[in-house]
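One-based numbering, in listed order, for ligands and for the atoms of each. For clarity, every value in this text was computed on a predicted model and none was experimentally measured.
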Amino acid sequence: MAALPRNILILMSRTGGGHLASARALEAEFLRQDPQARVTIVDLLTDHISFPFSRLPRTYDTLVNRAPRLWQAMWKVTARRAVGGSSSALVRYMSQSKLERLIRDCKPDLVVSVHPLVNDLMIPVLARLAPATRYVTVVTDLGGIHPLWLHPGNAAIYLPTAKAVAVALARGLPQHRLHTHGLPIRAEFALAPPARADARLSFGLDPALPVVLVMGGGGGIGPIEAIVEAMAAALATTGGRATAQIAVITAKNDRLRARLAGRSWPVLVVPLGFVDRMSDLMHASDLLVTKAGPGSIAEASVRGLPMLIYGFIPGQEAANVDHVVEAGAGLFEPDPKALAGQAAALLGSDGQRLAGMAAKARGLGRDQATRDIVASILADLPKA
Ligand code: UDP
């Protein structure tokens with residue numbers, strides 16, 4: 001009798017864009033390595049826990065943008081084992097029947113978590129309903145590894161860096177359950193990109209001018225408009241040709257996109273909404289101006305794109321700044337005018353400094369991370 005296809009359940013949530021991007025990258029790679037498999041991605045926090053907890057993903061962008069100190073306090077307080085554990089226990093208790101229904105309906109052979117808040121909710125439920133099902137976590141934060149990622153019920157934990165492994169060891173996780181292959185990013189990043197001029201043209205950019213790419217993660221978080229204003233002023237030259245052009249990812253913020261498109265600028269400014277072809281766009285660019293999102297940093301590293309970081313979400317993203325700056329792959333500057341000055345200086349010089357940073361960024365890149373993580377997860381499963 002032919003073996004049944006493997007049933008793989010990926011648990012994520014749309015708090016920011018990184019968890020979904022990693023979930024999709026893993027899904028595609030599972031299907032590439034095991035074409036018979038059935039892969040289901042669910043937003044556990046939005047669709048499988050009870051109200052009002054299910055509203056967290058919807059309010060996350062506002063929370064981290066408008067009340068960063070509250071978010072930081074929540075992050076820190078829940079990092080205490082007693083608080084994190086009992087908060088999760090409350091949500092799990094209130095959501096019990098929904099969580100159980102998901103497992104009964106999906107009947108997974110493997111559960112893969114790409115979100116820190118889902119582990120304490122699902123691992124105890126799975127241990128009761130389907131104890132033979134393997135549960136693994138793929139950590140999608142680079143630096144600030146919240147303890148909720150590191151549930152001891154994980155059969156394996158995939159961490160992006162050696163520093164993150166040290167955090168997990170310090171929390172008492174056994175070495176043999178920890179793996180480090182990098183942060184899972186989309187397959188396109190492992191492929192050869194198109195010619196740079198073609199990539200620029202495909203986004204409505206001038207094929208011959210350097211590109212500064214401004215983005216704030218999947219939510220368009222941060223003072224994007226102020227940054228574009230300062231950047232455009234700094235990159236314009238009086239009378240002569242502009243030194244560079246600006247591509248802006250406004251993500252889901254349609255109003256910002258319309259506002260940017262409606263203004264006249266001293267250099268070419270191309271507002272882009274949500275972009276699917278991030279690999280090509282990063283290849284088209286010479287400098288990334290970004291918040292310290294782990295996904296964006298991992299992708300830019302693979303593309304050898306130097307980074308100017310203007311901010312970070314307190315808690316999980318603070319250590320990402322050090323990850324980039326200590327490697328020499330980028331600089332941190334929160335003030336838009338000073339940031340624009342840095343960009344103009346980097347692009348206006350002979351290019352050696354920028355090339356040096358690009359090489360350092362490439363040194364951080366792990367273009368085969370997704371492939372290696374999936375191969376390792378599948379190798380530990382019984383044969384299908
Ligand atoms: N992203 C994308 N298209 C966009 C904006 C963002 O595909 O228009 C992706 C980006 O490439 C990255 C993720 O969304 O993979 C953002 O993740 P990150 O960890 O940088 O920040 P988050 O949004 O999770 O705070």
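For a threshold of 3.5 Å applied to N or O pairs, the pair formed by T15 and ligand 1 contains no separation below that value. Backbone and side-chain nitrogen or oxygen atoms of I297 are examined, and none is located within less than 3.5 angstrom of a nitrogen or oxygen of ligand 1. At least one N or O atom of R186, backbone or side chain, sits closer than 3.5 Å to an N or O atom of ligand 1. Every N/O-N/O distance between A251 and ligand 1 stays at or above 3.5 Å. Close N/O approach between G17 and ligand 1 is found [any backbone or side-chain N/O within under 3.5 Å]. For ligand 1, the polar-atom distance check against G295 finds a nitrogen or oxygen pair separated by under 3.5 Å.
The residues D206 and R200 are annotated as not salt-bridged, no charged nitrogen and carboxylate oxygen being separated by less than 4.0 angstrom. Taking a cutoff of 4.0 Å between a charged side-chain nitrogen and a carboxylate oxygen, D43 and R14 qualify as a salt bridge. Remark: D380 engages R134 in a salt bridge, criterion side-chain N to carboxylate O under 4.0 Å. Comment: D286 engages R196 in a salt bridge, judged by a side-chain N to carboxylate O separation of less than 4.0 angstrom. Of the charged side-chain nitrogens involved, none lies within less than 4.0 Å of a carboxylate oxygen, so that R92 and E100 do not count as a salt-bridged pair. Electrostatic pairing of E29 and R32 counts as a salt bridge here, judged by a charged N lying under 4.0 Å from a carboxylate O. The pair R277-E188 does not count as a salt bridge, with every side-chain nitrogen at least 4.0 angstrom from each carboxylate oxygen. Between E225 and R263 there is a salt bridge, since at least one side-chain N of the basic residue sits less than 4.0 Å from a carboxylate O of the acidic one.
Summary of contacts: the protein heavy atom closest to atom 1 (N) of ligand 1 is F274 CZ, 3.9 Å. Nearest non-hydrogen protein atom to atom 15 (O) of ligand 1 is E299 OE2, 2.7 Å. Looking only at heavy atoms of the protein, atom 24 (O) of ligand 1 is closest to G18 N, 2.8 Å. Remark: minimum distance from atom 20 (O) of ligand 1 to any protein heavy atom is reached at S296 OG, 2.6 Å. In terms of protein heavy-atom proximity, atom 21 (O) of ligand 1 is nearest to K291 NZ, 3.5 Å. In terms of protein heavy-atom proximity, atom 8 (O) of ligand 1 is closest to V275 N, 2.7 Å.
Heavy atoms of H19 stay at 4.0 angstrom or farther from ligand 1.
H323 and I297 make their closest contact through CD2-CG2, 4.0 Å (heavy atoms, listed as atom of the first residue, atom of the second, distance).
Each of the atoms 18 (P), 19 (O), 20 (O), 21 (O) of ligand 1 lies under 4.0 Å from some heavy atom of G293.
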- Could you walk me through whether V214 and I224 pass side chain to side chain contact (heavy atoms under 4.5 Å, CB included), step by step? CA-CA 7 Å; V214 180; I224 302 281; 4.2 Å; yes
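Contacts between A21 and ligand 1, counted as non-hydrogen atom pairs separated by less than 4.0 Å, involve the side chain only.
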